There are 2 protein chains.
Amino acid sequence: MPDAADPAPMNARRKFRREGEERRRQDLIDATLESVAEHGLEGATVRTIALRAGVTAGLIRHYFPGKEDLLQEAYAALMGRMTEQAKAALLMEDASPRQRLAAFVTANLNAPIIDQRVFSLWATFIGRAGADPTLARAHREGYLGFRNEVEAVVAEVLAAERRKPDASELRHHAIAINAIIDGLWIEGCLAGEMFSPGELAAIGIKAIEAELGLAPEKGGN
Amino acid sequence: MPDAADPAPMNARRKFRREGEERRRQDLIDATLESVAEHGLEGATVRTIALRAGVTAGLIRHYFPGKEDLLQEAYAALMGRMTEQAKAALLMEDASPRQRLAAFVTANLNAPIIDQRVFSLWATFIGRAGADPTLARAHREGYLGFRNEVEAVVAEVLAAERRKPDASELRHHAIAINAIIDGLWIEGCLAGEMFSPGELAAIGIKAIEAELGLAPEKGGN
DNA sequence: AGGCTATTTATACACTTGCACAACAACGCC
DNA sequence: GGCGTTGTTGTGCAAGTGTATAAATAGCCT
């Protein structure tokens with residue numbers, strides 16, 4: 001039926017649904033992170049992001065004052081997810097300090113924290129910290145928060161061993177342990193297939209035990 | 001003399017000098033790195049780069065097939081400089097293995113390797129490793145080369161202590177030490193003013209000695 | 001069912017981007 | 001000194017950028 005009564009509205013407008021504000025903002029932020037992870041900051045254009053989120057470009061400006069604000073919120077969301085997952089491992093109530101420290105390290109050196117995409121995002125954003133004071137401060141706060149968590153657990157671990165380190169000693173341990181976790185995290189993200197599952201966590205735990213001068217765990221896995 | 005014979009060539013062309021090919025390429029690469037460090041990959045446009053190099057944009061295409069090639073060469077140059085400086089510290093002939101390891105760590109945890117600008121560059125480029133296989137392979141090779149250097153020194157250090165680690169042990173040590181150096185490098189680059197001079201190197205050396213199970217150096221401060 | 005309003009689309013615009021190309025002039029060579 | 005080579009400039013262009021704004025419509029309220 002070639003010439004049936006097909007309205008054939010050549011200029012048919014795109015159908016759409018009205019999602020809630022929360023949902024749309026979240027979708028746009030997610031789409032932003034995906035775009036940045038795949039094509040870098042340069043490839044994350046408003047049109048790319050909108051396309052990925054299933055909307056048209058103009059809508060971005062309805063939820064965010066400008067592209068820059070969207071990027072900042074996306075970075076904040078990324079950091080929030082990362083630290084949230086990492087800190088969760090510390091909340092085990094009924095466990096020895098040492099076990100909690102080990103769980104913390106294990107959580108940080110396995111999926112989903114060890115993930116090439118997350119690393120790409122982190123690197124892309126952090127690379128601008130030198131130029132963007134807002135990003136720099138966001139990182140500094142996240143870093144110090146993380147390090148303070150580490151320092152607190154270290155203090156508990158050492159206290160359980162009846163050792164009384166002074167503040168400087170504690171700080172040094174926290175810095176070193178933080179470095180071990182960060183360094184292994186990078187190695188795992190960038191060359192994950194070079195390590196067997198759990199290997200990085202095992203290396204990390206041993207290195208940290210050595211740093212703290214703890215006798216190797218007896219019961220072994 | 002207002003209306004003297006001033007040729008006033010409104011359309012005067014810019015004066016220029018013909019530099020050697022080597023020099024021009026180097027200038028363009030340097031200008032690229034500076035541009036990326038300051039404004040990220042997105043801000044490194046051919047016009048920005050050319051302006052910084054003191055030439056006009058068109059010249060870039062005379063020396064490089066395209067902008068992408070310029071970026072790749074710039075990344076290669078960056079990595080080359082970093083690893084070159086780092087490895088130089090290992091070449092001290094008349095020193096004990098342990099001294100050479102310490103010198104290596106110290107070199108990696110002070111200027112000019114600890115440098116926010118270099119870090120920004122590294123992060124910006126490495127953030128694209130997930131999407132760009134060429135970059136990923138370049139990093140992988142650089143990383144393995146670095147780790148092998150570490151492993152070699154570690155083997156010497158342990159041999160000097162009359163210890164015979166097996167291959168797996170050695171590998172684990174190298175991974176851990178690599179992580180310590182990388183992690184402290186990041187902390188230093190991103191929050192350099194939080195550490196006193198030499199503090200990071202001291203922390204690194206102590207952590208590594210603990211990892212290797214070495215007795216603390218006697219004489220040193 | 002019908003209208004209101006905020007969400008969403010679509011279009012326009014000024015500007016930037018990488019690249020192509022022709023004109024030009026600096027420098028080596030005779 | 002004049003000439004040719006080619007490094008270098010300047011201009012132009014199509015595609016893509018973020019943003020502004022008007023038009024449309026989906027979904028709630030009554």
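A quick note: this is a predicted structure, and the numbers were derived from the prediction, not measured. By convention in this document, chain letters (A, B, ...) are assigned in the order of the sequence lines, proteins followed by strands, and residues within each chain are numbered from 1.
Regarding L51(B), its CG atom lies at a distance of 12 Å from the P atom of dG10(D), rounded to whole Å. Between the P atom of dT17(D) and the CD1 atom of I60(A) lies a distance of 12 Å, rounded to the nearest Å. Remark: C1' of dG18(D) and CD of E42(A) are 16 Å apart, rounded to the nearest angstrom. The separation between R61(B) atom CZ and dG10(D) atom P is 19 Å, rounded to whole Å. Per the geometry, CG belonging to L59(A) stands 11 Å off C1' belonging to dA6(C), to the nearest Å. Atom NZ in K15(B) sits roughly 16 Å away from atom C1' in dG7(D) (whole-Å rounding). dT7(C) atom P lies 11 Å from atom CZ of F16(A), rounded to whole Å. Rounded to a whole Å, the CD1 atom of I49(A) is 14 Å from the C1' atom of dG16(D).
Side chain of N110(A) to main chain of T106(A): a donor-acceptor pair is present (N/O by atom type, distance under 3.5 Å, no hydrogens or angles).
At most 12 non-hydrogen atoms from other residues, nucleotides or ligands lie less than 6.0 angstrom from CZ of R137(A).
The ring pair (Phe, Tyr, Trp, His ring centres under 6.0 Å) test with W122(B) is passed by exactly one of W185(B), Y75(B), Y143(B): W185(B).
One finds a side-chain N or O of H62(A) lying less than 4.0 angstrom from the OP1 or OP2 phosphate oxygen of dT7(C). Distances shorter than 4.0 Å separate some side-chain N or O of R14(B) from OP1 or OP2 on dT9(D). Contact annotation: T45(B) side-chain N/O to dT17(C) OP1/OP2 distance is under 4.0 Å. Residue R17(B) places none of its side-chain N or O atoms closer than 4.0 Å to OP1 or OP2 of dG7(D).
Comparing dG10(D), dT19(D), dG18(C) by their closest approach to the side chain of K67(B) singles out dG18(C). Checked against dC13(D), dG10(D), dT8(C), the side chain of R47(B) finds its nearest nucleotide in dC13(D). Side chain of Y63(B), nearest nucleotide from dT8(C), dT9(C), dT8(D): dT8(D).
We find that E68(B) and R128(B) are joined by a salt bridge, their nearest charged nitrogen and carboxylate oxygen being less than 4.0 Å apart.
T45(A) and T48(A) share a side-chain donor-acceptor pair at under 3.5 Å.
Nucleic acid contact class of E19(A) (heavy atoms, under 4.0 Å, all strands): sugar-phosphate only.
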